[in-house]
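As C-alpha cells, the structure follows; a few thoughts come after it.
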Amino acid sequence: MPPKKAKVQPKSTKQSEPSGKDNNEGPRRVIHWYRTDLRLHDSPSLAHALSLNPTALYCVWTWDPHYVYRARVGANRWQFLTDSQRNLSESLTSLNPTQKLLVVREAPQTVFPKLLKQWGITDVVFEKDTDAYARARDDAVVEICRQMDVRVTVVKGGRTLWDPDEIVKCNGGKPTMTITQLQAAGAKIGEVDRPLPAPTSLPDVGDTSLEGVEQSVPDQKPDFNEGGRQEGEKENSYGGGIAGPNGDFGVPTMEELGLGEATTPHRGGETLALEVLEKVIADEDFTGTFEKPKTAPTAFEPQSTCLTSPHLHFGTLSVHEFWWRVEAVLDKRRKEKKPVSEPPTSLHGQLLFRDMYFAAQAAQGYYFAQQASNSICRFIPWHLPSTHDISSSPIPNLITGSYTIDSPVAEQWFQRWKHGQTGFPWIDGLMRQLRTEGWIHHLGRHAVACFLTRGGCYIHWERGAEVFEELLLDHETACNSGNWMWLACVAFYSQFYRCYSPVAFGKKWDPEGAFIRKYVPELAALDKKYIYEPWKAPIADQRAAGVVVKGEGDVSGKGDSVQRDDNGSMVYPKPMFDFSERREICISGLKEAYAVGLHGDDSRVLDGSWKALFKDEGEGPTRGQKGGIGGDAGEEDVDKSAGIKQEQMTPRGKKRERGQGTLDSAFKKTRK
DNA sequence: TTGATCGTTGATGGT
DNA sequence: CACCATCAACGATCA
C-alpha cells in the first residue's frame, strides 16, 4: 500500500454544477456510480459522494449491454474487469461490512429511474467520461435525474490528467494533434490535481430490495462478441434478473458470459495495481530515467515497461497518483543531481500522450474511431474498408462493424495477421502474445500496426483497431484509435517512408530470437541465423529444428497451437508476401493519397466520388469513378465482393510483382 | 513568404 | 556501442 498522500486540495472547483434538487438539507441517499474508477485511492467522485454525508451509500455498477454486446471485448479483458470489480467490492466490504459493489444487470438508461425511485435516492455522483457513447449515456442519466428531482454531480478530471474538454478549449477548440499542443493547453489549466487519500470508513448501504421492479432484458443482437464465446455456450449475464442469479448483485462470472478461462497472466484489481506502482516507484533509476524508445519490445519475464496501462484504463490505478509518485522520484533525483528523463519519452510523457488522445477524441466524438467523417483523418483507399450507415441516428455515417472484402488476397492477409500466421516470426510472435496475454509492448504494437497498414498489407487501420479492441486488456478507444491513426500515417504522424521491417526491427533488440522462441514454438530450435526469416533456412536446417516452412498457415484456430504435417513435423507458414516489394507498393500508395489530399470529412469521400481522383491501378479499391465509402457501388466495383473473383485480383497482384516500373512512375508523381 | 528545424521510438551502412 | 549520413522527403512551427 502506498505511503501517505500529498495534501488534499478541495475538489469543489473540479465539479460540474449539480443539477436537480437545490435543497441540501435532509438525509442523503447517494448512488456512487462506478464506471472508469474501480478503486478506493484517489477517487474524486467517491470523495465527493462521501462529502455529502450520506445516510445511505449505494456503490453501483450498471452492467451495460452496450459493453456486453456492442463493444468488442475478449475473454481476457472480461477477466480483468471482473477481477477489478471483485477486488473493489472486497475493499468496500472491508471498510463497512454492509458495503459491496452492487452490479446492476440492466442498461443504465432504463434501470436508473427504477433504482432512484425504489431506493429513494437523493443524489447521484459519478466521474466524467468523454468517450462518445459515454457522453450520450451520461446525458441520458443526468436527464433522468433532473426529471426525478435527484441531484446529480459529474466529477471532472479523475480519468485523465486534465479534463479533455478543458484541454480542447485551451487548444483553441481544436483536437490536440501534437504533444506540444497538449502540454501548452495543460499548462494553461494548471498543475495536475494531487491525489486524494482513500476513505477510511464508509456509511452503510441502504435497503437494496428490488421487490416489484421488473428487469428490462436488453436486445442481444447484434452481438459483436459472438465469435469469441465458447462453442455452444450462450451469453447469459442478464438471465438471473437485475441482481443476478443469486440476487446478491454479484459480479457476473466468465461462465455467465459464455466465455472460457482467461489465458492472460496479467490480472486486474486495485490491490495488484498498487503493488505494480510500488515496484515501479521503488526502482528510482528506472522511474527517473525511463525512455520509452529505449525499452525493448522483445522483453518478457519481465517486460521492459510497467504494465500499468490496463489499470489506468479501468481506473484501478489513478493517473494522478501515478503522475505525482513519479514526480516525487524526479524531484529527489534533481536535488541529487542525478539524470532524469523528460517528456515525451519519460514516464510523464507516456501519460501526456494518453491525455493528448483523450482530448483529440473529445473534440471529434464518434468519428475519432473511424475514417469517414473524421476531419483529422487522411483518406487512404485502404483494402477491406468499413461499411457505413449513412442514416445512422443521431450521428450519421457511422461504421457498422462489418466491412467490404474488396480483395480476397487482402482478406487472407488480414486473417493471417490476426491469427499470427503471416510467416514473419516477429509479427506472428507479437500477435500470438497479444491473443494469449492481452498485452504487447508499445513498439510491438507499432510493428504489427505498420505491417497491417502502410508498411505491408495496405489494409484499413479500422480492421486492426477492431482486433486490438477485442484483445487488448488496456483498450480504450481514444488511445487505440489515436495510435492506429498514428501508425497508419493518417493523423498525428506523416513520415510514411519510415517503415518498420518485420525482420530488422525485432532483431535490433533480440538477435538471439528469445521472444520468437517463446511465442512461436515451431521455431524454438531454429538457428538464430534464420529465426527472423525461417523461409531462408535450408531444408536440412529446418529438419534439424523439427519444423517445415510451408503452406499458408491455419487461421481457423486461435493461432497459438502448433500445426503438424502428416510426418509429425511442426509446420510454420511461408511468408505471405515479399516485404520489400509490398513496402514499395504501400509507400507509393501513400504518396498518391497524400497528393490527392482528402480527409475523412470530405464530401468526395462520403459520396464515393473520391475514386475519380485516384489512378485505377493504384493500390486499394481504386478502380472506377465512384463507389466505396458512402457511395453507390458502381458496376465495376468490387463491393459485395466476398464475390470478387479471385481471377480478377490475382493478376493485379502479379502485374505488380513484375511491373515495378509502373509503380516507380506513380511514386514520382508530383504533389498538388 | 520562405527556408530551416523538429517531430515519442526506421533501415542501412558506414566511422 | 555511440554517433553519423544517406535514403526520400511529410507537415507544423517559427524565425
Side-chain angles (χ1 to χ4, degrees), chain A residues 171-172 174-185 289-299 303-306 309 340-357 360 375-380 424 426-427 430 440-451 453-456 479 482-511 532-533 578-599 663-672:
Chain A
N171 191 48
K174 297 202 171 90
T176 43
M177 299 306 292
T178 64
I179 199 66
T180 332
Q181 288 172 359
L182 182 277
Q183 285 175 289
T289 64
F290 183 92
E291 291 178 75
K292 188 63 150 281
K294 291 187 180 168
T295 60
T298 49
Q303 287 86 355
S304 57
T305 54
C306 318
S309 51
V340 293
S341 55
E342 298 290 337
T345 56
S346 65
L347 280 179
H348 276 175
Q350 308 312 302
L351 301 180
L352 291 167
F353 271 109
R354 182 168 174 271
D355 263 48
M356 179 188 81
Y357 287 134
S375 63
I376 65 168
C377 178
R378 271 180 192 283
F379 172 76
I380 311 280
F424 293 96
W426 165 235
I427 301 298
L430 287 163
I440 50 180
H441 186 279
H442 187 64
L443 294 181
R445 301 179 196 198
H446 280 213
V448 298
C450 179
F451 183 86
T453 56
R454 66 178 167 88
C479 297
N483 274 318
W484 273 96
M485 286 191 273
W486 185 299
L487 265 298
C489 284
V490 294
F492 302 103
Y493 189 76
S494 54
Q495 289 161 271
F496 53 76
Y497 45 88
R498 290 194 176 168
C499 183
Y500 292 88
S501 160
V503 172
F505 189 64
K507 202 184 271 184
K508 194 163 63 183
W509 275 277
D510 181 16
Y532 285 89
E533 299 167 285
D578 179 303
F579 168 70
S580 55
E581 189 179 283
R582 288 298 308 173
R583 181 183 175 276
E584 293 303 315
I585 290 168
C586 288
I587 289 178
S588 64
L590 267 286
K591 195 169 154 62
E592 186 185 6
Y594 265 64
V596 171
L598 298 178
H599 283 72
L663 289 155
D664 288 344
S665 64
F667 197 80
K668 291 196 178 78
K669 188 181 164 193
T670 48
R671 297 184 57 235
K672 274 154 210 155

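Letters A, B, ... are given to chains in the order of the sequence lines, protein chains preceding strands, and every chain is numbered from 1.
The salt bridge (Lys or Arg N to Asp or Glu O under 4.0 Å) check on A:Arg445 picks up A:Asp474, with sequence neighbours excluded. Judged as a salt bridge (Lys or Arg N to Asp or Glu O under 4.0 Å), and not counting sequence neighbours, the contacts of A:Arg354 are A:Glu476. Scanning for ring-ring contact (aromatic ring centres under 6.0 Å, His included) contacts around A:Tyr532 gives an empty result, with sequence neighbours left out.
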*Going through the checks in order, is the side chain to side chain contact (heavy atoms under 4.5 Å, CB included) test met by A:Phe496 and A:Cys586?*
CA-CA 9 Å; A:Phe496 53 76; A:Cys586 288; over 6 Å; no

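For the C1' atoms, the distance linking B:dA11 with C:dG11 amounts to 22 Å, nearest Å. To the nearest whole angstrom, the two C1' atoms, one in C:dA15 and one in B:dT1, are 12 Å apart. Spacing of C1' atoms, C:dA9 relative to B:dT5, comes out at 14 Å, to the nearest Å. As rounded to the nearest Å, B:dT8 and C:dA2 have P atoms that lie 23 Å from one another.
For the pair A:Leu590 CG and C:dA8 P, the interatomic distance rounds to 17 Å; values are reported in whole Å. Atom-to-atom, CD of A:Glu592 to C1' of C:dA8 comes out at 18 Å; the value is rounded to the nearest Å. In this structure, CD of A:Gln183 is placed 14 Å from P of C:dT13, rounded to the nearest angstrom. Regarding A:Tyr594, its OH atom lies at a distance of 14 Å from the C1' atom of C:dA8, rounded to whole Å.
A:Leu352 and A:Gln183 make their closest contact through CD1-NE2, 3.7 Å (heavy atoms, listed as atom of the first residue, atom of the second, distance).
With the 3.5 Å cutoff on both pairing distances, Watson-Crick and G-U pairs in DNA chain B assemble into runs of at least 3 at B:2-7 with C:10-15, B:10-15 with C:2-7.
Among A:Phe505, A:Phe424, A:Phe451, the single residue meeting the ring-ring contact (aromatic ring centres under 6.0 Å, His included) criterion with A:Tyr500 is A:Phe505.
Nucleic acid contact for A:Glu342: none, since no nucleic acid atom lies under 4.0 Å from a heavy atom of the residue.
Judged purely by atom type and a 3.5 angstrom limit, A:Thr298 has no side-chain atom pairing as donor or acceptor with the backbone of A:Gly506.
Side-chain polar atoms of A:His441 and A:Thr305 form no donor-acceptor pair below 3.5 angstrom.
Applying the salt bridge (charged side-chain N to carboxylate O under 4.0 Å, His left out) test to pairs two or more places apart or on separate chains, none has a residue in residues 484-495 of chain A.
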*Summarise how protein sits on nucleotides 8-15 of chain B as a single string, 5' to 3': B when a protein heavy atom is under 4.0 Å from the base, S for sugar-phosphate-only contact, - for no contact.*
BBBSS---

